[in-house]
Each structure stands twice: as structure tokens, then as C-alpha cells.
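Here's the structure, in C-alpha cells; my notes come after.
Below, chain A is the first sequence line, B the second, and so on; all start at residue 1. Excluded from the calculations below are hydrogen atoms, water molecules and symmetry mates; all remaining heavy atoms, backbone and side chain alike, are included. Since the model is a prediction, treat every value here as computed from it, not as a measurement.
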Protein chains: 2
Amino acid sequence: MARSSLTRDEVLEAAAALVRRHGPDALTMRKLAAELGTAVTSIYWHVGNRESLLDALVERTVQEMGAVRPAGRTPVARIVSVARGLRRELRARPHLIAMVHERGLTERMFLPAQQALVHEVHAAGLRGARAADAVRAVQFQTVGFLLVERNRERSPVQSPGEGDLWDAVTAEHDPALARALALPADQERLFTASMRALVHGLLDAGGS
Amino acid sequence: MARSSLTRDEVLEAAAALVRRHGPDALTMRKLAAELGTAVTSIYWHVGNRESLLDALVERTVQEMGAVRPAGRTPVARIVSVARGLRRELRARPHLIAMVHERGLTERMFLPAQQALVHEVHAAGLRGARAADAVRAVQFQTVGFLLVERNRERSPVQSPGEGDLWDAVTAEHDPALARALALPADQERLFTASMRALVHGLLDAGGS
DNA sequence: ACCTGAACACCGTTCAAGT
DNA sequence: ACCTGAACACCGTTCAAGT
């Protein structure tokens, strides 16, 4: 019986397919073995254990992502375009975000965009520590937003909280604000607006 | 044998202690039962199942958090102070962040700060949809930053990435930038700076 | 070099049975 | 109303044994 010859790549491919279809939680060694038609223990020979299987999977998926190319004329526009591009690439691989976060590898998610970011920040005239801060601020903001966003989408209706907000809002007597907060956020627009505001602030201000 | 009478509160308290000492992963129904000196199945009678136990735990911890009080004279300073206060409160409860994120309840983390935020944004002169956007931008940025930050701290040395950055940086001929990026980030300072830049951008610009 | 089944030490949850 | 042990269906991992 058994298969002619199992390769590490076959294992990774099957694991990736499992994650794509049913999410990272569905990736158990036993289900993976069933999918491959081998004994559970064979997988261990090829990938070590579940930990390193997930690491390899993250690596694979990050490398699949295309490089992010800046677009636009002003420095702000170009930096924002990098952030938006990264967001688009990551949203196309929703499980990657979860896997990377779970494994404490957020750094990996930046890789496809970081050269572009360094270049653009430099071109915008920032140097040294100021430039490093700007790059990091954009990175944190981008991935942070992604994490919050995906978290929100997973459980769209969060019963408590809205009520309290309404109270606070009506106390300010701004019904338009209340209405806007009651509606679900347009995340694409919110992301672009926040990022624009952040980059503006980073390039503009001297400090204080 | 057994205990005189187990209460739901005792279960929650023991669960909270377990999470405090060994993190959320250590909270298994069986370990909890051992800690309480009861049969595993008794717990189910009091809290339903693991899911709702975690929900109750999140609720409990959020309510423990103090209200965030704004400080400072300018609107920017006051809004930034709310964000920093929220960050401080959450960092004092590191496992809460993980539990909340894992359960898709990010909204809950904002509760202690959202009234203050609405008030300050309103006082800064923003109204309606603009105000709602600003509140949300600050919320996303704060929790997003927290998530990235905690993720980073969990696995401090992330072998790949640094090398690539160095390449890009040396290509720009900015050794000070390279040095700054090679060092670990001062997250407290980075948070404050990013938040200040963001709020500045939000209050200043009309759009585009 | 590669694959196997058996076994170990864990999980969460259900359920019939006790008091 | 509250607690119990037995049982079920899962996990990841190790290990001696096969070819």
C-alpha cells in the first residue's frame, strides 16, 4: 500500500490546501495524513513537527506575495499606495494573517513592502532615526489595522458597546455622529484616510 | 469528598488566576478542575463550556479596567493621552489582549476609552461622519499597535527580514537609518509619535 | 532513506447515574 | 440543584519495528 514516495513539497502543498479551504485550525497532523493517504507519522519524517510545518507554510505564502510597487506623484501618495498594496496582498491571503500573528512572525508580513517603504520615506526627505520611525509607524499601522479589521469581520455583531457609545454620543448632541458610529465602518476608506493622516503627520511635523 | 459548594464566581476566579499565572493556553477544563478540587464535569454545570468561560473572563477583566481620563491642554494632547492611557491599561493585562483578539471581541477593549474619545473629538471641533472616522481611526490604531507590539515581544528575534532591510537601507546610503532600524524599536516612543502624527493629520486636514 | 502501527499523554464534551 | 465517573472522539508526538 502507501504512496510511491511522499515529498516535503507534497506535504506543504496539501497543508496549504487544507488551510485555504478550512482555515488554520483545520490543519491537524491527522487530517493532513488522511488527505495524503499516509500514516500520520510519515509527515513527521518530512517536516519535523506541526510547529515547523506552520513556519514553512508561512514562509511559502509570504514568498508567493508579489512585490509592492509604489504609485502616485507626491511622497504621501506613494507611501499610502505601498500601505494599500500591502493591505490588498494580505487580505487576499486571510489565513496568512492569522498564522503569522499566531506564530509571532508579524515581521514576515512586512517583507514584501519594506524595501519600497524605506525607499519612499528616504525620497520624501527623511533621514536617520526620523526615517526609521516613519517606516516603523507605517508598518505598525498597516498590520495593526489588518489585525483589527480581520478580527472584526470574524464576529461582525458585537452586542455590547454600541449602547454605551450611543449614550456618549447623544450626550454630545450630534445625531450625525451617532448615526455614523452605529453603521458598520467602511474599512477600505477608513484605512486610506487613517494612513493618509498618519503619513501627513509623519512627513510634516518636526516633533513636539 | 468534594467541596462544600462550588460557585460560578469561584470557577471564574480560579480560571482568571490560571490565565494570570500561565497564560490563556494553560486554561484547560481539566487543569481548572484539578485547581478547584472538583470533577471536570462540575465546571460545565456552572459555566456551560470553555467558550462561555472565556467570554465571561473577558467581560470580567474589561470591567476591572479603570476609566481613562484625558489629560493635557490641546485637543491633540488630550486625544493622545486617552490612547496612551488605554494602551497602559491593556499592557497591564497582557493576556486580556490575547483572549479578546482570539475571540473576535476587539470592540470590548475600546469600551473603557470610547466615551472619552467621542467627547474629545467633539471638543476638538469635529462633527458627524468626520468625528466618527476620527474616533475609529484612533481606536484601530491603538489596538492595532497593541496587537503588533505584543506579537513582537513574544518572539523578539525574527531572524529573516533584518538582512533584507539592511540591503535596502545601505542602497539608500543612510547608515544612521540602517543603525536605527537594526536596533529594537522603542515602542512607547513610537506609539506616542505615531498617535500624535495620526491625530494631527485627522484634526488638521480637510481631506485628500 | 523512508514508512508503519501501537502507544502515551493530553484535550473538550456528553450522559446516565448518583445525592 | 448540584456533583460524579465512564466514555467518546479527538489531538500531537515518540518509538521500536519494518522495508
Side-chain angles (χ1 to χ4, degrees), chain A residues 1-59 95 98-105 154-155, chain B residues 1-59 95 98-105 154-155:
Chain A
M1 292 302 125
R3 319 177 66 270
S4 53
S5 83
L6 188 63
T7 62
R8 186 186 150 89
D9 250 48
E10 276 177 302
V11 174
L12 288 181
E13 183 51 47
L18 219 45
V19 168
R20 252 194 313 273
R21 283 204 305 274
H22 309 292
D25 287 351
L27 175 54
T28 74
M29 303 303 267
R30 294 174 128 97
K31 277 184 193 145
L32 181 54
E35 200 79 13
L36 287 163
T38 55
V40 204
T41 40
S42 305
I43 299 172
Y44 282 83
W45 198 93
H46 288 285
V47 298
N49 54 21
R50 188 165 189 269
E51 285 279 283
S52 32
L53 171 59
L54 283 174
D55 281 341
L57 228 48
V58 165
E59 202 54 40
H95 300 315
M99 284 168 58
V100 163
H101 182 71
E102 208 179 326
R103 315 195 55 57
L105 297 172
R154 223 176 11 153
S155 64
Chain B
M1 293 299 125
R3 317 178 65 270
S4 53
S5 83
L6 189 62
T7 62
R8 185 186 150 89
D9 250 48
E10 277 178 301
V11 174
L12 287 181
E13 183 51 47
L18 218 45
V19 168
R20 253 194 312 272
R21 281 204 307 273
H22 308 292
D25 287 351
L27 175 54
T28 73
M29 303 302 267
R30 294 172 128 98
K31 277 184 194 144
L32 181 54
E35 200 79 13
L36 287 164
T38 55
V40 205
T41 41
S42 305
I43 299 171
Y44 283 81
W45 198 91
H46 288 284
V47 298
N49 54 22
R50 188 165 190 272
E51 286 279 283
S52 32
L53 170 58
L54 283 175
D55 281 342
L57 228 48
V58 165
E59 202 53 38
H95 299 316
M99 284 169 58
V100 163
H101 182 72
E102 210 180 325
R103 315 195 55 58
L105 296 174
R154 223 180 7 156
S155 64

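- The separation between A:R8 atom CZ and C:dA1 atom P is 17 Å, rounded to whole Å.
- One distance of note links CD1 of B:I43 with CG of B:L36; it measures 5.5 Å at 0.5 Å rounding.
- Residues A:L18 and A:R21 form a side-chain contact, since some pair of their non-hydrogen atoms from C-beta on lies under 4.5 Å apart.
- Computed from coordinates, the B:L6 CG to D:dT4 C1' distance equals 13 Å when rounded to whole Å.
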Write out a two-atom table: protein N or O, nucleotide N or O from nucleotides 11-13 of chain C, distance below 3.5 Å.
residue: C:dG12; atom: OP1; partner: B:M29; partner atom: N; Å: 3.2
residue: C:dG12; atom: OP1; partner: B:R50; partner atom: NE; Å: 3.4
residue: C:dG12; atom: OP2; partner: B:M29; partner atom: N; Å: 3.0
residue: C:dG12; atom: N7; partner: B:R30; partner atom: NH1; Å: 2.3
residue: C:dG12; atom: O6; partner: B:R30; partner atom: NH1; Å: 3.2
residue: C:dG12; atom: O6; partner: B:R30; partner atom: NH2; Å: 3.4
residue: C:dT13; atom: OP2; partner: B:Y44; partner atom: OH; Å: 3.2
residue: C:dT13; atom: OP2; partner: B:R50; partner atom: N; Å: 3.0

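- Checked by atom type and distance alone, the side chain of B:R20 never pairs as donor or acceptor with a backbone atom of B:H95 at under 3.5 Å.
- Separation of atoms CE (A:M99) and CG (A:D55) is listed at 8.5 Å; rounding is to 0.5 Å.
- Taking atom NE2 on B:H46 and atom P on D:dC2, their separation rounds to 7 Å, with Å as the unit.
- Across all their heavy atoms, B:V40 and B:A33 have their closest contact at CA-CB, 3.6 Å.
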Check the pair A:K31, A:H22 against side chain to side chain contact (heavy atoms under 4.5 Å, CB included), reporting the backbone distance first and the verdict last.
CA-CA 11 Å; A:K31 277 184 193 145; A:H22 309 292; over 6 Å; no
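- Although no hydrogens or angles enter the test, the distance criterion places a donor-acceptor pair under 3.5 Å between the side chain of B:R50 and the main chain of B:L27.
- A side-chain donor-acceptor contact under 3.5 Å links A:S52 and A:N49.
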Can you run through DNA chain C from 5' to 3' and write each base as (, ), [, ], | or . depending on how it pairs? Watson-Crick or G-U wobble, both distances under 3.5 Å.
||.|||||...|||||.||
